[in-house]
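Remember, it's a predicted structure, so these values are computed and weren't measured experimentally.
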Amino acid sequence: MLSENQLKTFEKNGYLIIKNFINDEKCQKLITEMDQVIETNNFMEQIKTISVFLADENSSKAADEYFLSSVDKIRPFLEGKAKEILDKNDKSYKIFNKIGHALHALNPVFKEATFENKVKEIFKSLGYIKPIVCQSMYIFKQPFIGGEVMPHQDGSYLFTEPLRVTGIWIALEDCTPENGCLEFIPGSHKGPLVTRFIRNPNKEEFDSGKFLIYTNGVPKFSYDNSKFIPAEVKAGDAILIDGLVVHRSAPNLSAKSRNIYTFHVYDAHNTEFSNENWIKPSPISFLPLYEN
């Protein structure tokens with residue numbers, strides 16, 4: 001359970017660092033399991049068919065059916081510089097950006113980490129009555145080429161009416177400003193949702209390949225850079241993230257990776273998961289937290 005002070009901090013800032021959420025052994029277990037996922041699924045052999053994942057202004061252009069249908073699958077996505085590296089046949093770089101979006105449902109090791117009791121206790125502390133785990137991701141933030149993630153709000157991508165979405169972000173390695181730790185604007189969750197990322201309702205555009213759009217354009221926040229506070233954490237720490245808090249991460253230009261595991265939960269009690277969201281509910285991957 002979250003303490004009273006932790007709840008007050010979360011309510012004030014829109015995010016909460018939870019120290020020592022998992023131990024070193026569990027961190028290594030998840031890292032090792034991801035290595036196994038890559039190897040057993042022959043992702044390296046399929047590399048030239050894998051979509052590039054971009055978390056910047058070009059994200060809608062990079063989206064395709066591969067991305068849209070990944071809700072109930074374990075699929076890899078490549079860094080923005082992957083093509084350049086592949087063209088040079090440079091094997092010194094690791095080029096996976098992330099693997100998603102159903103690790104919590106289809107992989108026993110990640111499922112165990114997602115549905116453990118301390119996770120359930122956190123959402124009980126937040127007052128979630130019918131929490132649903134709707135997506136999960138393993139994000140690598142590779143050395144030297146790990147891409148920038150622009151300022152955004154998670155509610156833009158996983159919208160419910162009313163908005164009731166929270167993420168848990170678990171550091172598997174130390175996360176610093178040098179390798180692209182998260183940065184937050186404390187208190188920004190008290191402001192409005194700036195935009196939404198939805199399936200393009202224009203059938204002609206959708207059929208021609210423009211699958212996803214921002215309802216109000218790519219998020220542009222009027223805050224200056226000084227308002228962002230780095231959330232530097234150690235391996236095993238977790239960050240609880242409100243669906244409205246503005247956050248970002250810088251590119252990783254260091255020699256150290258920044259592996260993390262994250263998943264999102266919404267409360268299905270008296271809320272509606274928007275049918276405009278990029279992600280469509282699936283009985284395989286939209287799993288009740290308290291019942292698993």
Side-chain angles (χ1 to χ4, degrees), residues 30-71 73-103 107 110 135-152 154 157 167 169-183 197 209 211-212 214 218-219 230 235 247-264 278-279:
L30 291 173
I31 292 171
T32 301
E33 182 62 20
M34 181 47 60
D35 290 340
Q36 287 294 110
V37 167
I38 292 171
E39 182 177 344
T40 58
N41 287 281
N42 295 315
F43 287 155
M44 293 304 295
E45 297 299 318
Q46 305 168 33
I47 210 161
K48 292 189 178 179
T49 67
I50 294 170
S51 292
V52 171
F53 177 79
L54 301 174
D56 59 15
E57 290 94 337
N58 297 309
S59 57
S60 61
K61 296 176 184 176
D64 56 13
E65 187 58 34
Y66 179 91
F67 175 73
L68 289 173
S69 60
S70 64
V71 55
K73 298 174 181 65
I74 296 175
R75 283 186 172 170
F77 298 83
L78 302 181
E79 282 289 354
K81 295 182 179 179
K83 186 179 186 304
E84 175 186 339
I85 293 167
L86 287 171
D87 288 345
K88 293 180 180 177
N89 198 28
D90 188 344
K91 297 181 180 179
S92 64
Y93 290 96
K94 296 181 179 180
I95 59 177
F96 290 121
N97 170 284
K98 72 172 186 176
I99 290 179
H101 290 96
L103 287 163
N107 182 280
F110 285 94
Q135 72 162 18
S136 56
M137 296 177 286
Y138 189 103
I139 302 174
F140 298 92
K141 203 76 163 180
Q142 302 287 8
F144 305 114
I145 65 166
E148 177 182 13
V149 177
M150 301 294 283
H152 66 283
D154 291 344
Y157 305 90
W169 194 93
I170 304 171
L172 305 180
E173 299 176 305
D174 292 353
C175 303
T176 67
E178 289 71 34
N179 68 357
C181 67
L182 290 184
E183 300 175 15
F197 190 60
F211 299 113
L212 297 164
Y214 284 100
V218 176
H247 56 293
R248 68 181 186 184
S249 66
N252 181 10
L253 304 179
S254 78
K256 295 182 178 180
S257 59
R258 194 220 64 182
N259 283 216
I260 68 99
Y261 174 59
T262 185
F263 54 93
H264 289 88
W278 78 266
I279 192 170

Next item on the list: Report yes if some heavy atom in the side chain of E148 is under 4.5 Å from a heavy atom in the side chain of R248; otherwise report no.
Entry: no
Checklist line | Closest approach of E79 to I145 (non-hydrogen atoms, all atoms of both residues) | finding: OE1-O, 3.4 Å
Next item on the list: Provide the closest heavy-atom pair for P230 versus C181 in the form atom of the first, atom of the second, distance.
Entry: CB-SG, 4.0 Å
Next item on the list: Scan S254, S249, S257 and name whichever one has a side chain to side chain donor-acceptor pair (under 3.5 Å) with K141.
Entry: S249
Check: Excluding sequence neighbours, so at least two apart, what forms side-chain contact (heavy atoms from CB on, under 4.5 Å) with I38?
Finding: M34, F43, M44, F96, I99, F140
Check: Could you give the distance from CG (L78) to NZ (K98), rounded to the nearest 0.5 Å?
Finding: 12.0 Å
Item checked: Spatial distance of atom NZ (K81) from atom CD1 (I95) [nearest 0.5 Å] -> 13.0 Å
Notebook entry, point to check: Nearest heavy-atom pair of A250 and E183: which atoms, and what distance?
Noted result: CB-OE2, 4.4 Å
Next item on the list: Kindly compute the distance separating CG (N259) from NZ (K94), expressed to the nearest 0.5 Å.
Entry: 8.0 Å
Next item on the list: Indicate the atoms forming the closest heavy-atom contact of R75 with S69, along with that distance.
Entry: NH1-OG, 2.8 Å
Notebook entry, point to check: Tell me the side-chain hydrogen bond (donor to acceptor under 3.5 Å, both in side chains) pairs involving residues 35-44, sequence neighbours left out?
Noted result: none
Check: Are any of the side-chain heavy atoms of W278 and F211 separated by less than 4.5 Å?
Finding: no
Next item on the list: Starting from the C-alpha separation in whole Å, work towards a yes-or-no answer on ring pair (Phe, Tyr, Trp, His ring centres under 6.0 Å) for W169 and H247.
Entry: CA-CA 12 Å; W169 194 93; H247 56 293; 9.1 Å; no
Check: If we only count heavy atoms from C-beta on, is the M137 to F77 side-chain gap below 4.5 Å?
Finding: no
Next item on the list: Please state whether the rings of Y138 and F110 are parallel, tilted or perpendicular, taking 30° and 60° as the class boundaries.
Entry: perpendicular
Note to self: Is there a side-chain contact between V71 and H101 in this structure, where contact means two heavy atoms from C-beta onward sitting under 4.5 Å apart?
What the structure shows: no
Margin query: Can you confirm whether more than 12 heavy atoms, excluding those of K256, are under 6.0 Å from its NZ atom?
Written below: no
Notebook entry, point to check: Would you call Y157 and H152 a side-chain contact if the rule is heavy atoms closer than 4.5 Å?
Noted result: yes
Note to self: In the structure I gave you, are the side-chain heavy atoms of N179 and D174 within less than 4.5 Å of one another anywhere?
What the structure shows: no
Next item on the list: Heavy atoms only: give me the nearest C175-I260 pair and the separation to one decimal.
Entry: SG-CG2, 4.1 Å
Margin query: Give me the atom names and distance for the closest heavy-atom approach of I31 to E173.
Written below: CD1-CG, 4.2 Å
Next item on the list: Measure the spacing between CD1 of I139 and CD1 of I170 and express it to the nearest 0.5 Å.
Entry: 12.0 Å
